[in-house]
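I have placed the structure first, in the form of structure tokens, so that the comments after it can refer back to it.
In what follows, chains carry the letters A, B, and so on, assigned in the order in which the sequence lines appear, proteins first and then strands, with residues in each chain numbered from 1.
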Amino acid sequence: MPSLVDPVANKTDEGNNRTDLKAPEPEHCPGTESEEAGKADACQGCPNQDICASAPKGPDPDLPLIKDRMKGVKHKILVLSGKGGVGKSTFSSLLGWGFASDLDREVGLMDIDICGPSLPKMMGSEGEQIHTSLSGWSPIYVSDNLGMMSVGFMLPNQDDAIIWRGAKKNGLIKQFLKDVDWGNLDYLVVDTPPGTSDEHLSVTQYLKESGVDGAVVITTPQEVALLDVRKELDFCRKSGIKIIGLVENMSGFVCPNCKGESFIFAPTTGGGKALAEEFNIPFLGSVPLDPRIGKSCDHGESFVEEYPDSPATTAILDVIRQIREAVGDPQEDEDDDMDE
Amino acid sequence: MYSTATQSSPSLAGVKNIVLVLSGKGGVGKSSVTTQLALTLAAQGKKVGVLDIDLTGPSIPRFFGMEDKQVYQSSAGWVPVYTDASRNLCLMSLGFLLSSRGDSVVWRGPRKTAMIRQFIRDVVWGELDYLLIDTPPGTSDEHISIAEELRFCDQILGAVIVTTPQGVALADVRKELSFCKKIGFPILGIIENMSGYVCPHCSECQNIFSKGGGENLAKQYECKFLGTVPIDPKFVLMVENAKGGLQEIYGETDMAKIFAGICDKAFSEENEEEAKETAEEEKSRAATNGQ
């Protein structure tokens, strides 16, 4: 079992042009893997200069390996949001359950939120451990056709903090793409941490050659969240990631007592719908807040299966249907809903 | 160019107390809690500064309705944004340095580290009773950097931990508590945010994200439980609609009373002493274990 007790990042250095650095990279670091490494102006006086200058140069030798591994994966979907706590992991798990409910489809879930992995708990597989075989790390299977990978499976103790800087996180993300024996997949759903930083840059960079189908961006209706989500959309544009669409989560709240609807996070600026129009991207729908979603996540159950009559379920299934259409794999049983 | 702090930054010399607002989980209300702690302390006549080190998702300018303000460069350094004429509440955030509010800041770790270093060393805070530091979720670059920059500060009061009640959030918050223990930040206490929502139609309280998780966590980690904060759509609306001037209207709200209680608990002298002692014990224990 790959464990974090013996640091994973060091292992990645075998056959890689990265060596362990003495100190964190300086502000204007040209990148330890660039041609300029160790030679640029910014490298003067950096404690890592000798290490970088003597390391072998050239393109990352791992990229072809990643491409090879990703050959059997038909559709790669990123779940993004600039804001934390809007439901990226919840939605990733719902996508996982949703895609896998079609038994002809093989689904993989990859959690690249290294410092706050939530997927193991949400999928009810907390405490599992990863096993290695000759063909690589075996994903944890939640059901026959739904496998997943998360740093949560590698912690000796669930409460341990992973206090890692960016470079080390990138090393693990690379291993998730390069060393995990995903097999042939129809869908690989990648759950990301909030923000626009190392994890996001790395995963797009590593998957560039294999191609990503696109990103599903999650938001909540209030402007404080939309503000951060705007930044994520800007990031997608800059890095050339296609946006499959925007989902508004926690839209309204239907009181189980009086059935009255109210807004917990008021959409004072028009919510997700207005943002989608502003950026000219598809709006995939609004998922109302149902307290049972949170409970299902805490217990690792599939909300859609447990509560098929909830309005949230209807909304979620509709979003999944649209995503499948957008990536060119429409659901067969809903022929009448299709335009073509 | 490359250097680590060997002594406390001179720009923090006039700051009496430094408080970090932390949570392993995103979207639990770190910025909202930071804002309300700042407003409450300022209403008590304290001089308060807020530093937002969430570089890729700065929310503090929006919370205070100060999105259009800018930071000025003076001969002494960056001048923070003051929220009103009385000049007892000032803010610093990367949001003030962006040319457009939709711009993304796509930075890897080293640049984030450099920015935080500048925030700690180059801002003219002046005399402050409290400097509240709002952080991004996780335990990564920003957190390691701020811990390194503050290593030689003796003004650190400790960390206020924010969580929501559901299990998924608590799991991440436990990681943040482990981080604090490892770094040696005293823990002032835990706040349970989004604890219950009162339906505006029938006035029944609904536990949207369940309840009681924060209190149990505090018991488990033997730190103080500072209180529960319900979801108040009126506060969300107030933040959404207020164009500045939050200071005047906040005092009237229900939330102000709750946060007055939280501040009393968190910043009482005995609590501060206790938190410091536990952190020192932890630190020495960690040191002996490490050898």
List the steps and the verdict of salt bridge (charged side-chain N to carboxylate O under 4.0 Å, His left out) for Glu142(B) and Arg165(A).
CA-CA 9 Å; Glu142(B) 293 90 339; Arg165(A) 285 191 182 272; over 6 Å; no
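Under the 3.5 Å distance criterion, the side-chain polar atoms of Glu240(B) are matched with a main-chain donor or acceptor of Glu223(A). Of the possible donor and acceptor atoms, one in the side chain of Asp234(A) sits under 3.5 Å from a partner among the backbone N and O of Ser104(B). Side-chain atoms of Asp298(A) come within 3.5 Å of backbone atoms of Gly167(B) as a donor-acceptor pair (strictly under, hydrogens ignored). No donor-acceptor pair closer than 3.5 Å links the side chain of Lys231(A) to the backbone N or O of Val106(B). Judged purely by atom type and a 3.5 angstrom limit, His201(B) has no side-chain atom pairing as donor or acceptor with the backbone of Cys258(A).
Across all non-hydrogen atoms, the minimal contact from Phe265(A) to Val236(B) is CA-CG1, 4.4 Å.
A salt bridge between Lys259(A) and Glu204(B) is absent, with no side-chain N of the basic residue lying under 4.0 Å from a carboxylate O of the acidic one.
The candidate from Ala225(A), Pro117(A), Ser89(A), Gly294(A) with the greatest count of non-hydrogen atom pairs under 4.5 Å with chain B is Pro117(A).
Residues Cys255(A) and Gln206(B) are in side-chain contact: their nearest non-hydrogen atoms beyond the backbone lie under 4.5 Å apart.
Contacts from residues 194-204 of chain A to chain B, taken as heavy-atom pairs separated by less than 4.5 Å, involve Pro194(A), Gly195(A), Thr196(A), Ser197(A), Asp198(A), Leu201(A), Ser202(A) in sequence order.
Applying the side chain to side chain contact (heavy atoms under 4.5 Å, CB included) rule to Ser32(B) yields the partners Gln36(B), Phe63(B), Phe235(B); only residues at least two apart in sequence or on another chain are considered. For Ala279(B), the side chain to side chain contact (heavy atoms under 4.5 Å, CB included) partners at least two apart in sequence or on another chain are Pro186(B). Under the side chain to side chain contact (heavy atoms under 4.5 Å, CB included) criterion, Lys295(A) pairs with no residue, sequence neighbours left out.
Using a 4.5 Å cut-off between heavy atoms, Pro193(A) does not touch chain B at all.
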